Amino acid sequence: MISSFEQILSGFEIAVLPINLLYTFIGVFLGTIVGMLPGIGSSAAIALLIPITFGMDPTTALIMMAGIYYGGMYGNSISSILINTPGEASAVMTAIEGYRMAKMGRAGAALAISAWASFIAGTISIVGLTILAVPLARFALRFGPPEYFLLMLFAMTAVSSLSGASPAKAIFSTLLGLMIATVGIDMQSGYSRFTLGIPEFEDKIHFPVVVVGLFAISEVLKRLEDWHRGRAEIIRIKGKLLLTLTEWRRSIMPIVRGGLIGFFIGVLPGAGSTVATIFSYATEKRCAKRPEDFGNGAIEGVAGPEAANNASSSGAMVPLLTLGMPGSATTAVLLGVLIMYGIQPGPLLFVNRPDLVWGVIDSMYIGNLMLLILNIPLIGLFVRILYIPTGVLLPLIVAIATMGIYGLNNSMVDIYIMLIFGVVGYLFNKFDIPFAPLILSLVLGEMLEQSFRQSLTLSGSALDIFVSSPISIVLLGLCLISVTFPVIVKYLPKRGKAAPRD
Amino acid sequence: MVLMANHAPGHLGKGIPVIRRSGFLLPLVLAGIYLYLNEQIPDLLVVDTLGPQAFPRLLVAGLVVCAALWLREDLTRKPTEYEMPLLELLGGRHFKVPVAVSVGTLIYFLSLEYAGYILSTVAYLLIMMTFFNPGRWISNIVVSIVFPIVGYFAFTKFLSVLLPKGIFLPL
């Protein structure tokens with residue numbers, strides 16, 4: 001323990017070297033800018049900026065990459081809140097509540113709480129990473145295919161139960177997302193499914209294409225229609241630019257809960273930030289004094305998921321550093337960077353390269369602080385984006401989205417798919433079909449199917465594999481509660497709370 | 001009988017149009033198409049016991065259940081407020097705006113690979129801003145020209161991300 005404390009301190013000595021401080025700042029700044037681009041999440045931001053690190057010291061390069069990672073996450077939050085365009089699945093909940101807050105004139109508060117939540121939860125999770133890295137990694141190894149299947153199922157039942165007054169429409173949206181996730185080459189058999197003869201579909205329909213279409217393009221269509229109706233007034237900031245005392249009080253416990261949820265779920269390879277933000281959102285809605293505010297700009301719905309998102313980034317570093325297993329798409333890219341520098345992650349990394357490990361971990365704390373210092377003063381500038389006339393902003397969103405989506409794979413098919421989903425999203429809005437379940441089931445669908453099939457292959461098609469471990473029994477129980485709880489609540493004596501509109 | 005319009009007076013004396021009770025057809029139609037495409041996939045059981053068709057079949061079953069739930073919701077929904085006719089729900093005469101913008105955006109996308117990102121985007125932005133930001137010619141022209149050029153060079157030179165350069169501007 002004493003030795004660990006000394007290593008933590010020596011890590012800080014490395015992290016505060018002027019060159020490392022400079023690259024932390026550069027990473028955070030660039031990550032924020034690139035993360036704001038629609039369709040470009042933090043994994044793409046890291047991948048795009050890897051060439052900048054060529055020739056650098058490995059520790060410095062990793063410190064900068066880590067800065068880009070959470071800078072990119074905050075950039076996603078900015079685009080989610082201001083223009084309803086999440087760059088990654090983990091920002092979908094922020095888009096739902098944060099954009100509503102922006103439409104109510106509280107964009108500054110949403111951005112501020114996003115920055116504070118990221119900082120506080122990031123700090124909590126870095127402490128967790130420092131103390132619990134190795135035992136948590138061991139726990140994560142106990143998750144096999146049945147546990148993963150039930151975890152994904154629980155995440156999807158949790159999000160479906162949150163989605164508005166029509167369970168049938170929420171289920172439809174969830175199933176549609178799962179169907180889209182089946183397009184492409186089947187991982188187990190290698191056969192193409194539902195590709196309609198289009199070669200680009202063999203590589204799946206990419207998540208950013210769907211999300212930019214559903215969120216950004218559909219919003220453009222809707223707001224231009226509103227403009228024609230004479231209803232497109234510019235959203236002005238109402239009240240205080242940043243947080244009021246009430247908003248602070250409402251946010252602090254969601255941040256703490258989100259931080260803890262995010263860290264522990266982020267440890268699970270593959271589950272990561274998406275599941276963490278769903279759980280955090282569901283938790284906050286259950287704990288809220290006014291659950292009817294959710295879906296209409298509840299600050300708790302931004303604070304909790306943002307905290308969970310940032311905390312899960314530290315959690316995802318646990319399997320990366322201790323086992324060499326990436327916990328998310330972004331840490332998969334980081335793994336590539338490590339290997340590029342000839343560094344093999346795993347348990348021996350803590351022994352052989354403690355300077356690198358603790359230097360990176362401690363730089364994350366400094367990077368979180370820099371994110372806060374850099375972005376809080378810039379909130380006043382960011383919200384000016386909302387003051388751009390509708391007739392200028394909306395076409396620019398299409399042009400930016402086109403750049404971002406084309407840049408993914410240099411494929412025009414992605415661009416057309418984005419437009420199709422834009423029209424679909426517009427129609428979904430008209431008919432009150434929520435599209436958050438679609439997005440989330442699209443992200444989780446492949447892992448859900450693969451873990452389901454792997455489980456039944458292991459058990460020889462016997463379903464009892466799903467109750468074969470304490471973890472799976474607990475998860476199955478949570479699934480059942482998640483599905484039945486809304487029904488039970490409906491028939492309990494009246495609590496005076498209306499079901500929120502998604 | 002089930003699908004006939006309900007003319008029982010609600011609070012505002014309006015019933016629910018039949019078309020508004022037909023939403024359940026959407027998951028059913030989708031289930032049919034998806035099932036047809038799924039059955040074209042060979043049933044390969046060499047690698048795992050379920051094969052590539054099994055999970056989609058579960059989804060088809062889910063869609064059928066979903067359709068039943070949707071129908072139940074629509075049939076039991078009481079007209080507590082004015083239920084808009086379908087065309088009005090879609091926006092009435094304002095619906096032409098999203099339709100026109102979608103078509104215009106499609107034309108923009110079709111022109112990308114031939115005209116290149118810069119030229120296509122300049123034209124697209126100029127046309128869109130002329131309609132939706134009328135009267136501000138100078139700012140419209142400046143933004144329409146500057147943004148695509150800056151964006152193109154930021155992506156291609158700084159981020160090394162390729163964008164369509166088209167056949168007219170060999171940059």
Side-chain angles (χ1 to χ4, degrees), chain A residues 34 48-49 51 166-169 171-172 174-176 178-179 182 186 188-194 196 217 220-222 224-229 389-392 394-396 398-400 402-403 406-407 410 412 415-416 418-419 422-423 426-427 430-431 448-449 452-454 456-457 460-461, chain B residues 23-24 26-27 30 34 37-38 41-42 44 46-52 54-56 59 62-63 65-66 69-70 72-73 89-91 94-95 97-98 101-102 105-106 108-109 112-113 117 121 124-125 128-129 131-134 136 139-140 143 147-148 151-152 155 159-164:
Chain A
V34 178
L48 287 169
L49 294 168
S166 171
K169 290 179 182 176
I171 293 169
F172 172 70
T174 305
L175 291 170
L176 188 59
L178 291 173
M179 287 163 62
T182 59
D186 174 43
Q188 300 217 5
S189 63
Y191 198 83
S192 296
R193 296 187 300 183
F194 311 108
L196 306 175
I217 304 298
V220 166
L221 295 175
K222 178 174 171 295
L224 288 175
E225 182 190 338
D226 285 344
W227 177 91
H228 197 251
R229 289 173 187 271
T390 304
V392 175
L394 298 179
L396 282 178
V398 176
I400 296 169
T402 305
M403 272 199 293
Y406 187 85
N410 299 131
M412 285 305 301
I415 299 291
Y416 298 128
M418 176 182 74
L419 180 61
V423 173
Y426 171 79
L427 293 172
K430 289 290 182 185
F431 293 105
L448 183 82
E449 181 186 1
F452 180 65
R453 287 165 68 179
Q454 285 164 5
L456 292 182
T457 301
S461 303
Chain B
F24 73 98
L26 178 59
L30 209 54
Y34 193 64
L37 291 172
N38 189 48
I41 301 167
L44 301 167
V46 263
V47 180
D48 67 318
T49 51
L50 289 182
F55 193 74
L59 296 182
L63 282 169
V65 170
C66 173
L69 278 174
W70 198 323
R72 183 180 179 276
E73 279 178 13
L89 181 67
L90 288 171
H94 304 287
F95 188 53
V97 173
V101 170
S102 302
T105 305
L106 179 62
Y108 163 48
F109 291 162
L112 272 172
E113 286 204 308
Y117 180 79
T121 307
Y124 177 76
L125 290 177
M128 289 282 278
M129 289 183 198
F131 275 107
F132 295 108
N133 195 38
R136 297 186 179 137
S139 63
N140 289 350
V143 171
F147 175 83
Y152 181 86
F155 262 63
L159 295 176
S160 301
V161 172
L162 291 177
L163 288 174

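Predicted model, so just to flag it, every value in this text is computed and none were measured. In what follows, chains carry the letters A, B, and so on, assigned in the order in which the sequence lines appear, proteins first and then strands, with residues in each chain numbered from 1.
- The shortest distance between side-chain heavy atoms of A/T402 and B/Y108 falls below 4.5 Å.
- Between chain A and the options B/V143, B/L63, B/N140, heavy-atom pairs under 4.5 Å are most frequent for B/L63.
- Between A/I400 and B/F147, the closest side-chain pair of non-hydrogen atoms falls below 4.5 Å.
- Within the model, atoms OG1 of A/T182 and CG of B/N38 stand 8.0 Å from one another, a figure rounded to the nearest 0.5 Å.
- In plain terms, the two heavy atoms of B/V97 and A/L224 that are nearest each other are CG1-O, 3.7 Å.
- With a threshold of 4.5 angstrom between heavy atoms, B/P164 approaches chain A through its backbone and through its side chain.
- One distance of note links OG1 of B/T121 with CG of A/L396; it measures 10.5 Å at 0.5 Å rounding.
- Taking each heavy atom of B/S102 and A/L221 in turn, the nearest pair found is OG-CD2, 3.6 Å.
- Two residues are said to be in side-chain contact when any heavy atoms from C-beta on lie closer than 4.5 Å; A/V392 and B/F132 fail this criterion.
- Between the side chain of B/Y34 and the backbone N or O of A/F194, no donor-acceptor pair lies under 3.5 Å.
- If you measure heavy-atom distances from B/Y124 to chain A, the contacts under 4.5 Å come from the side chain alone.
- Interface check for chain B: of the options A/L394, A/V398, A/L176, A/L196, the most heavy-atom pairs under 4.5 Å are formed by A/V398.
- Among the candidates A/A399, A/G460, A/S461, A/G422, the residue making the largest number of heavy-atom pairs closer than 4.5 Å to chain B is A/A399.
- Atoms CG and CG, on B/L162 and A/N410 in that order, are 5.0 Å from each other to the nearest 0.5 Å.
- Between B/F95 and A/Y426, the two ring planes are parallel [angle under 30°; tilted spans 30° to 60°].
- Heavy atoms of A/M179 lying under 4.5 Å from chain B belong to its backbone as well as its side chain.
- B/I41 and A/Y191 get closest at one heavy-atom pair: CG2-CD2, 3.6 Å.
- Taking each heavy atom of A/P395 and B/M129 in turn, the nearest pair found is CG-CG, 4.5 Å.
- Interface residue B/L112: only side-chain heavy atoms are found under 4.5 Å from chain A.
- Here CD1 of A/I217 is found 7.0 Å from OG1 of B/T105. Values are rounded to the nearest 0.5 Å.
- Contact detail for B/E73 and A/S166: the closest heavy-atom pair is OE1-OG, 2.5 Å.
- Proximity of B/L30 to A/F172: side-chain heavy atoms (C-beta onward) are separated by under 4.5 Å at one or more points.
- The aromatic rings of B/F55 and A/F452 lie tilted to each other, with the angle between the two planes from 30° to 60°.
- Proximity to chain A (any heavy atom under 4.5 Å) is shown, for B/P27, by both the backbone and the side chain.
- Looking at every heavy atom in both residues, B/Y152 comes nearest to A/M403 through N-SD, 4.4 Å.
- The closest donor-acceptor contact from the side chain of B/N133 to the backbone of A/P389 lies at 3.5 Å or more, if one exists at all.
- The local environment of CZ in B/F131 is sparse, with at most 12 non-hydrogen atoms from other residues, nucleotides or ligands closer than 6.0 Å.
- You'll find the side chain of B/L69 stays beyond 4.5 Å of the side chain of A/P167, heavy atoms only.
- Side-chain contact between B/C66 and A/L175: present, with at least one pair of heavy atoms (C-beta onward) separated by less than 4.5 Å.
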